[in-house]
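Everything below concerns the one structure shown next.
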Amino acid sequence: MKHNFGAGPCILPQEVFKEASQAVVDFNGLSILEISHRSPDFVKVMEEARENVKKALNVPNGYTVLYLQGGASLGFLISAMNLAGKHKKAGYINTGAWSTKAIKEAKNAGLEVVEVASSADKNFSYIPEFDVPSDIDFLHYTSNNTISGTQFKSIPDTDVPLVCDMSSDIFSKEIDVSKFDLIYAGAQKNLGPAGATLYIVKDSVLGNSSLENIPTYLDLETHAKKDSMFNTPPVFSVYVANLNLKHLLANGGVKAIQELNEKKAELLYNEIDQNPNFEGTTSVKDRSLMNVTFRLTDESKKEAFDKLWNDANIVGLKGHRSVGGYRASMYNALKIESVEALVNVLKSL
Ligand SMILES: *Cc1c(COP(=O)(O)O)cnc(C)c1O
């Protein structure tokens with residue numbers, strides 16, 4: 001088996017892969033790939049998949065869980081369109097490539113964007129301080145910056161509606177959903193196979209946009225009214241996400257996985273900090289538990305290091321082109337043994 005440190009699509013538990021593969025061949029007599037999304041068997045899967053998100057994150061009453069398509073990339077536009085209010089103006093904390101794209105889509109939705117803070121001056125290697133103006137419809141932030149390797153350690157404190165792209169750290173730690181008006185996340189970083197995009201939306205948001213003529217599919221109320229079955233949902237992706245959620249809940253839930261994720265991150269960061277061959281690329285206090293970015297202190301050792309980790313069956317360690325160096329993504333299903341294997345490689349250089 002290989003140790004998969006890839007940034008996304010994500011590693012999932014082996015048990016989930018096995019069960020999913022069986023359902024491709026036989027799910028109550030048909031393949032999961034061919035059943036009607038209107039069949040009672042699949043309607044039950046969709047209901048469970050929505051319910052299990054509520055269980056895993058303790059979602060309070062008054063929120064609706066939806067599985068749509070288009071990835072978080074369409075979520076940038078959907079969130080801006082649905083949260084647009086009387087100011088037609090939104091605040092964005094710009095902490096990386098994904099936030100920058102979200103800002104672009106808010107402008108495409110016709111909103112005025114205030115960048116309340118940005119860490120672009122240092123290639124997004126830290127989480128900036130910010131003040132939130134009161135004359136905005138909502139504040140948007142990216143909880144975990146998958147590319148640069150930074151993560152918010154607390155939820156921004158604000159009175160305006162809060163929107164978050166949680167693509168790469170949802171289900172990795174406990175969160176207080178009641179603080180948010182909208183959370184969205186592409187499935188493929190910590191939930192399931194690419195294809196589905198998760199939305200957790202406060203019911204008071206639905207149907208309350210100040211924009212006229214939101215395209216039917218982009219209006220969250222459309223999907224809420226149809227129990228997330230307005231059109232053909234990404235059946236397989238939702239099915240496997242549900243298997244993964246059941247697996248998570250059966251193994252202590254988000255609380256237990258958070259403890260494991262903290263241990264994994266500590267193990268790797270400790271080695272990076274004490275090993276003179278390596279250095280982290282982000283400010284220490286803002287380090288991500290999911291995506292660990294680091295580089296060699298002496299580039300002439302690159303060939304030797306690359307050979308070492310390749311020989312150790314490690315894959316997906318190359319850093320994003322905008323940051324360089326290396327990135328070890330440690331999503332929920334990555335075992336601590338895999339992190340130990342990587343730490344041993346770092347030690348052996
Ligand atoms: C991967 C990622 C995205 C893009 O997701 P798609 O589903 O590919 O559109 C957006 N935001 C964050 C934080 C990501 O990690």
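Values below: all heavy atoms of this structure, side chains included; hydrogens, waters and symmetry mates excluded. First listed ligand is number 1; within each ligand, the first listed atom is number 1.
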Under a 4.0 angstrom heavy-atom cut-off, which atoms of ligand 1 come close to [X]?
X      : result
Asn144 : 13 (C)
Phe76  : 10 (C)
Thr146 : 12 (C), 13 (C), 14 (C), 15 (O)
Gln188 : 5 (O), 6 (P), 7 (O), 8 (O)
Ser167 : 10 (C), 11 (N), 12 (C), 13 (C), 14 (C), 15 (O)

Requested in this report: Hey, can you tell me if Tyr184 and His140 have their rings parallel, tilted or perpendicular (30° and 60° cut-offs)?
Outcome: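 Tyr184 and His140: tilted rings.
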
Query - Plane angle bin for Trp98 and Phe76 - parallel if under 30°, tilted between 30 and 60°, otherwise perpendicular - result: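 The rings of Phe76 and Trp98 sit tilted, inter-plane angle from 30° to 60°.
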
Report task. Please assess Glu174 against Lys255 for the test salt bridge (Lys or Arg N to Asp or Glu O under 4.0 Å), listing each intermediate value before the final yes or no. Result -> CA-CA 6 Å; Glu174 295 188 296; Lys255 188 174 168 35; 5.1 Å; no

**Report entry** Thr142-Asp165 side chain donor-acceptor pair, cut-off 3.5 Å
**Finding:**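 The answer is no; no qualifying pair exists.
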
Report task. For Lys88 and Glu112, run salt bridge (Lys or Arg N to Asp or Glu O under 4.0 Å): C-alpha distance rounded to whole Å, both residues' side-chain angles, the deciding distance at 0.1 Å, then the answer. Result -> CA-CA 6 Å; Lys88 299 239 169 70; Glu112 185 188 332; over 6 Å; no

What protein heavy atom sits nearest [atom], and how far off is it?
atom                    : answer
atom 9 (O) of ligand 1  : Ser73 OG, 2.6 Å
atom 5 (O) of ligand 1  : Ala72 CB, 3.6 Å
atom 11 (N) of ligand 1 : Asp165 OD2, 2.6 Å

Query raised in the report: Are Lys89 and Asp137 within salt-bridge range, i.e. N to O under 4.0 Å?
Result: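 No, no charged N to carboxylate O under 4.0 Å.
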
Query raised in the report: Does the N or O separation between Lys189 and ligand 1 drop below 3.5 Å for any pair?
Result: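 Between Lys189 and ligand 1, an N or O pair is found under 3.5 Å apart.
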
Query raised in the report: What part of Thr142 sits under 4.0 Å from ligand 1 if we count only heavy atoms: the side chain, the backbone, both or neither?
Result: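 Side chain only.
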
Query - Enclosure of Glu34 CD (heavy-atom neighbours >12, cutoff 6.0 Å) - result: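 Atom CD in Glu34 is packed in, count exceeds 12.
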
